[in-house]
Amino acid sequence: MLQRHLQDTYEYLFDRAHEALKQGGSFAPFGAGIRKTGEQIHANVDLPIETSAPPDHISGLITFFRVDDKENGLMAAGLVFDGRARSDNAQAMCFHIEAANGDAVEVIVPYARREAEIAFDSPQISPVQPEIFTETM
């Protein structure tokens, strides 16, 4: 069941990030989660663009998810940002997604803009250390 929640969170994040890219620009990091009630949530961090950087948004999203988990209970949560693939420095959508049991994955999806469309390369998936669902908060 948790695997399904990871997939659902990834698909939600991917679809919204893809929409943002189709509009012509990049996007600030944002997140999504699935509460124990089954409710899908969307998360943004409202920081001033001129004085913040993507790591500030990512840190804020992780904090938001930790608080939301304590208050409402989460089954899965994740975030996405417009970044670069480590392998070849290509533009990429970078995802960090976790299940409440501590399973965490990083998904890197390289892309290229081609005329009016976005061409995606194969996703690169790696297990990573959890940052949202940790014992030490």
Side-chain angles (χ1 to χ4, degrees):
M1 183 64 131
L2 286 175
Q3 183 65 25
R4 181 74 237 159
H5 296 304
L6 287 174
Q7 184 66 33
D8 290 346
T9 301
Y10 170 76
E11 289 173 8
Y12 178 91
L13 291 168
F14 182 92
D15 290 346
R16 271 125 200 104
H18 185 204
E19 280 301 314
L21 290 175
K22 287 194 304 191
Q23 293 177 15
S26 65
F27 54 89
F30 65 91
I34 300 174
R35 290 185 175 147
K36 290 182 179 177
T37 61
E39 176 187 6
Q40 177 89 52
I41 61 169
H42 182 95
N44 288 315
V45 177
D46 189 20
L47 295 172
I49 294 171
E50 55 281 343
T51 59
S52 65
D56 300 323
H57 289 261
I58 291 167
S59 178
L61 289 166
I62 290 169
T63 300
F64 168 83
F65 287 130
R66 288 177 177 174
V67 170
D68 197 75
D69 184 41
K70 277 185 178 178
E71 293 176 356
N72 302 297
L74 291 170
M75 293 187 286
L79 56 93
V80 60
F81 60 93
D82 194 12
R84 297 274 177 193
R86 282 189 214 108
S87 57
D88 60 2
N89 204 35
Q91 286 183 293
M93 290 192 299
C94 304
F95 301 84
H96 178 90
I97 305 167
E98 297 184 25
N101 68 357
D103 288 345
V105 294
E106 173 186 79
V107 181
I108 306 295
V109 183
Y111 69 88
R113 294 181 190 275
R114 299 209 174 103
E115 295 179 27
E117 67 179 45
I118 310 255
F120 293 101
D121 203 346
S122 298
Q124 304 160 13
I125 304 169
S126 307
V128 293
Q129 289 296 314
E131 295 184 40
I132 298 167
F133 299 105
T134 59
E135 293 298 319
T136 57
M137 287 199 264

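Within the 4.5 Å cutoff, no side-chain heavy atoms of Val80 are placed close to those of Tyr10. Between Ile132 and Asp69, the closest side-chain pair of non-hydrogen atoms is not below 4.5 Å. Counting only heavy atoms from C-beta outward, the side chains of Gln129 and Thr134 never approach each other to under 4.5 Å. Counting only heavy atoms from C-beta outward, the side chains of Val45 and Phe64 never approach each other to under 4.5 Å. Tyr111 places none of its side-chain heavy atoms less than 4.5 Å from the side chain of His18.
Here the CD1-CD distance, from Ile97 to Glu11, works out to 9.5 Å after rounding to the nearest 0.5 Å. Between the CD1 atom in Ile125 and the CD1 atom in Ile108 there is a gap of 10.5 Å [rounded to 0.5 Å]. Considering CD1 of Ile58 and NE2 of His96, their distance stands at 10.0 Å, rounded to 0.5 Å. Once rounded to the nearest 0.5 Å, the distance linking NE2 of His57 with CG of Asp46 reads 8.5 Å. Between the NE2 atom in His5 and the CG atom in Asn101 there is a gap of 10.5 Å [rounded to 0.5 Å]. To the nearest 0.5 Å, the span separating CG on Leu6 from CD1 on Ile34 amounts to 8.5 Å.
Across Thr9 and Ala76, no two heavy atoms sit closer than the pair OG1-CB, 3.8 Å. Ala85 and Ala92 make their closest contact through N-CB, 3.7 Å (heavy atoms, listed as atom of the first residue, atom of the second, distance). Heavy atoms only, all atoms of each residue included: Pro123 and Val107 are closest at CB-CG1, 4.0 Å.
A salt bridge does not link Arg16 with Glu19: none of the charged nitrogens is closer than 4.0 Å to a carboxylate oxygen.
Cluster membership check: Phe81 shares its hydrophobic cluster with Ile41, using side-chain heavy-atom separations under 4.5 Å among Ile, Leu, Val, Met, Phe, Trp and Tyr. Val128 and Phe95 are assigned to two separate hydrophobic clusters, defined by single-linkage of ILVMFWY side chains at heavy-atom distances under 4.5 Å. In the hydrophobic clustering of this structure, Phe133 groups with Phe65; members are Ile, Leu, Val, Met, Phe, Trp, Tyr whose side-chain heavy atoms approach within less than 4.5 Å, directly or through other members.
Looking only at distances, no side-chain donor or acceptor of Glu98 sits under 3.5 Å from a matching main-chain atom of Val105. Under the 3.5 Å distance criterion, the side-chain polar atoms of Arg113 are matched with a main-chain donor or acceptor of Leu21. When atom types are taken as modelled, the side chain of Thr63 and the backbone of Ser59 share a donor-acceptor pair closer than 3.5 angstrom.
By the ring-ring contact (aromatic ring centres under 6.0 Å, His included) test, Tyr12 pairs with His42, sequence neighbours left out.
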Apply side-chain hydrogen bond (donor to acceptor under 3.5 Å, both in side chains) to Gln7 and Gln3, showing your working.
CA-CA 6 Å; Gln7 184 66 33; Gln3 183 65 25; 5.3 Å; no

Start with the C-alpha distance between Asn72 and Thr37, add both sets of side-chain angles, then the distance that settles side-chain contact (heavy atoms from CB on, under 4.5 Å), and finish with yes or no.
CA-CA 9 Å; Asn72 302 297; Thr37 61; over 6 Å; no

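Sorted by first then second residue, the salt bridge (charged side-chain N to carboxylate O under 4.0 Å, His left out) pairs that include residues 79-96, not counting sequence neighbours, are Arg86-Glu106.
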